[in-house]
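Structure first, then comments.
Read the numbers this way: they start at 1 and go in the same order the structure lists the ligands and their atoms.
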Amino acid sequence: MDARLEAIRNTVLARNPGEAEFHQAVTEVFESLGPVHDRHPELLEAAILERLCEPERQIIFRVPWTDDSGRVQINRGFRVEFNSALGPYKGGLRFHPSVYLGIVKFLGFEQIFKNALTGMPIGGGKGGSDFDPRGRSNAEIMRFCQSFMTELYRHIGEYTDVPAGDIGVGGREIGYLFGQYKRITNRYESGVLTGKGISWGGSLVRPEATGYGTVIFTQEMLKTRGKSFDGQRVVVSGSGNVAINAIAKAQSFDASVVACSDSSGYIVDEAGIDVGLLREVKEVERGRLKDYSLRRPGVSYVEGGSVWDVDATVALPCATQNELDGDAAARLVRNGLVAVGEGANMPSTREAVAVFQDSGVLFGPGKAANAGGVATSALEMQQNASRDSWTFEHTEQRLTEIMVGIHDRCASTADEYGEPGNYVLGANIGGFVKVADAMLAQGLI
Ligand code: NDP
Ligand code: 2IT
């Protein structure tokens with residue numbers, strides 16, 4: 001890392017102790033930014049990096065609620081409003097027991113650059129709670145969401161901060177959150193949340209957008225080597241919103257998708273994953289992948305273990321951060337891996353990224369490859385602002401153009417900085433330059 005940047009990075013780490021994921025995300029971005037600061041020393045003068053690493057506002061709050069047995073439960077809620085240079089803070093809410101400030105900050109920090117890459121007018125933010133939705137009834141989920149919004153509502157708004165979903169937060173939760181926001185504020189403010197239901201202000205394609213976008217981005221990377229998804233053997237981690245829609249899109253491009261996972265284990269289905277059955281088990285019944293294996297002949301289920309033990313030519317990590325480590329990366333590469341498209345945020349450890357890059361595997365980092373979700377959220381905001389709703393075809397066409405545009409911007413930025421094919425560098429510099437320009441123009445804020 002450039003010595004000037006390393007000094008700033010060390011100060012950031014010292015100011016934010018114990019936040020390992022945030023440190024990792026900051027370090028990875030700083031490693032790309034030396035050459036930009038050589039060309040633009042005025043950015044150092046204006047302390048752009050120091051400002052970028054300090055969120056504009058951080059909110060931490062108590063979320064009290066009662067479970068079905070009448071017991072009082074207490075969780076912690078977060079919203080980190082990181083950067084508003086390009087637009088209102090925008091980013092998802094994660095409900096998972098592992099959530100703490102370091103996770104919310106890594107996600108919010110990544111979101112700044114991701115959102116800039118989309119070309120849409122959105123700043124970066126993220127939020128969530130250490131609430132564990134697993135095994136909770138609908139009524140418990142609703143009471144939790146209502147309590148969460150009873151504090152959050154005063155910090156958000158269509159011109160201020162626009163949350164959406166992430167792990168553990170999908171259409172059901174956005175519905176309960178929106179209902180409570182409307183009730184407290186007495187405003188039907190469609191643009192305050194994205195990922196809404198289609199009959200009450202949502203956008204077609206938003207549920208599919210992240211997974212679809214990841215596959216479109218990966219297809220663009222494959223094209224640069226004269227390849228496509230046709231005939232690739234694909235392994236996907238996770239079996240949530242992003243994973244399921246990535247599987248569906250890869251199959252529509254004639255890939256053979258043979259494995260996916262949840263936090264209990266993974267399935268191998270050599271005949272190709274049956275997306276209809278997967279949706280039934282995971283989305284309708286909210287069940288476990290094991291149930292899928294019990295209902296379809298020829299499927300093996302491995303309890304525990306890592307889905308990255310399954311050979312693939314294309315890997316799409318779509319579960320969570322640091323799920324794919326250096327050893328798994330080396331094994332995949334030895335067995336014929338060609339490309340990795342990150343549907344999740346920071347799923348590959350820094351060691352894994354180094355293995356992919358050193359071995360010439362096409363590697364699309366999350367902040368570029370999974371930007372289709374938030375980009376389509378911005379399309380939802382656009383439809384809300386004009387009180388319009390677009391067709392599936394039109395919206396998917398916009399998503400495709402945006403993903404191809406992100407791919408091309410990352411590739412051309414990598415070329416410009418003398419590292420062709422380095423999508424990490426391209427994404428970090430491409431996103432950073434846009435935000436830095438806006439921050440310089442807006443004065444010391
Ligand atoms: P979901 O809650 O729909 O699905 C998450 C999936 O990942 C589930 O299969 C879950 O398994 C698995 N998973 C979660 N945490 C762990 C863990 N600690 N260990 C192993 N498996 C785990 O979330 P999404 O699909 O929305 O999100 C997946 C990833 O994509 C996240 O990194 C998210 O930040 C990122 N992302 C999401 C976007 C969106 O629009 N939703 C946009 C861009 C990125 P189980 O069911 O057992 O919990
Ligand atoms: O990580 C992400 O980009 C998301 N969870 C989606 C955010 C959004 O505002 O749609």
Side-chain angles (χ1 to χ4, degrees), residues 21 87-99 103-104 106-115 117-118 120 122-128 132-135 161-174 193-196 202-203 205-214 236-247 260-267 278-279 281-283 286-292 304-308 316-324 342-348 365-381:
E21 296 83 0
Y89 312 107
K90 182 84 196 88
L93 298 170
R94 176 177 293 191
F95 292 170
H96 192 272
S98 63
V99 167
I103 296 234
V104 181
F106 117 66
L107 290 163
F109 185 71
E110 291 279 289
Q111 201 83 43
I112 303 170
F113 306 99
K114 182 195 304 189
N115 293 4
L117 284 170
T118 66
M120 311 294 288
I122 41 180
K126 202 83 187 190
D132 187 357
R134 177 92 68 90
D161 183 356
V162 183
D166 194 82
I167 292 177
V169 177
R172 172 181 61 171
E173 290 74 18
I174 294 295
L193 289 169
T194 61
K196 299 181 294 295
S203 173
V205 190
R206 177 64 190 88
E208 294 85 1
T210 310
Y212 277 25
T214 300
V236 177
S237 64
S239 50
N241 170 272
V242 180
I244 292 175
N245 291 294
I247 295 169
C260 67
S261 61
D262 62 18
S263 57
S264 311
Y266 66 89
I267 53 164
L278 188 62
R279 285 195 194 279
V281 169
K282 297 300 291 189
E283 293 179 345
R286 297 180 187 274
R288 310 299 302 158
L289 266 187
K290 188 176 183 181
D291 304 332
Y292 175 103
S306 164
V307 75
W308 304 120
L316 302 176
C318 298
T320 194
Q321 65 279 346
N322 292 327
E323 50 154 307
L324 202 174
E342 290 190 328
N345 286 303
M346 209 168 72
S348 310
K367 64 170 74 69
N370 74 35
V374 75
T376 308
S377 279
L379 300 179
E380 181 172 331
M381 292 161 73

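- Scanning the protein heavy atoms around atom 7 (C) of ligand 2, the nearest turns out to be Gly92 N, 3.5 Å.
- Lys114 NZ, 2.8 Å is the protein heavy atom nearest to atom 3 (O) of ligand 2.
- Of all atoms in ligand 1, listed by their number and element, those nearer than 4.0 Å to a heavy atom of Lys282 are 46 (O).
- With a heavy-atom cut-off of 4.0 Å, Asn345 touches ligand 2 through its side chain alone.
- Looking at Arg94 next to ligand 1, an N or O pair under 3.5 Å apart turns up.
- Here is the list of ligand 1 atoms found below 4.0 Å of a heavy atom in Arg134: 47 (O), 48 (O).
- With ligand atoms numbered from 1 in the order given, ligand 2 contributes 8 (C), 9 (O), 10 (O) to contacts under 4.0 Å with heavy atoms of Ala164.
- Of the candidates Leu289, Asn245, Asn241, Asp262, the one placing a heavy atom closest to atom 3 (O) of ligand 1 is Asn241.
- Of the heavy atoms in Cys318, only backbone atoms (N, CA, C, O) come closer than 4.0 Å to ligand 1.
- Comparing Val242, Asp132, Thr376 against atom 37 (C) of ligand 1, the shortest heavy-atom distance belongs to Val242.
- Short contacts between ligand 1 and Gly343, defined as distances under 4.0 Å to a heavy atom of the residue, involve ligand atoms 30 (O), 35 (C), 36 (N), 44 (C).
- Ligand-side atoms of ligand 1 in range of His96: 15 (N), range being under 4.0 angstrom from any heavy atom.
- On a distance-only criterion, Ser239 and ligand 1 share at least one N/O pair closer than 3.5 Å.
- Atom numbering of ligand 1 starts at 1 in the shown order; those under 4.0 Å from a heavy atom of Arg288 are 45 (P), 46 (O), 47 (O).
- Atoms of ligand 1 lying under 4.0 Å from at least one heavy atom of Asp166, given by number and element, are 26 (O), 33 (C), 34 (O), 36 (N), 37 (C).
- Summarising the contacts of atom 28 (C) of ligand 1 with Ala319, Gly238, Cys260, the nearest heavy atom is found in Ala319.
- Set against the non-hydrogen atoms of Ala344, the atoms of ligand 1 under 4.0 Å away are 29 (C), 30 (O), 32 (O), 35 (C).
- With respect to atom 14 (C) of ligand 1, the closest heavy atom belonging to the protein is Ile167 CD1, 4.1 Å.
- Between Ala243 and ligand 1, a contact under 3.5 Å exists for no N or O pair.
- In terms of heavy atoms, Asn241 sits closest to Pro207 at ND2-O, 2.9 Å.
- Closest protein heavy atom to atom 4 (C) of ligand 2: Lys126 NZ, 3.6 Å.
- Of the N or O atoms in Ser264, none lie within a sub-3.5 Å distance of an N or O in ligand 1.
- If you look at Asn370 next to ligand 1, the close heavy atoms, those under 4.0 Å, come from the backbone and the side chain alike.
- For atom 9 (O) of ligand 2, the closest non-hydrogen atom on the protein side is Lys90 NZ, 2.7 Å.
- Only the side chain of Gln111 comes within contact range of ligand 2, with a heavy atom under 4.0 Å; no backbone atom does.
- Listed by atom number, the atoms of ligand 2 under 4.0 Å from Gly165 heavy atoms are 4 (C), 5 (N), 6 (C).
- Atom 17 (C) of ligand 1 has its nearest heavy-atom neighbour, among Thr210, Thr320, Thr214, in Thr320.
- Counting heavy atoms under 4.0 Å from ligand 2, residue Arg206 touches it through the side chain alone.
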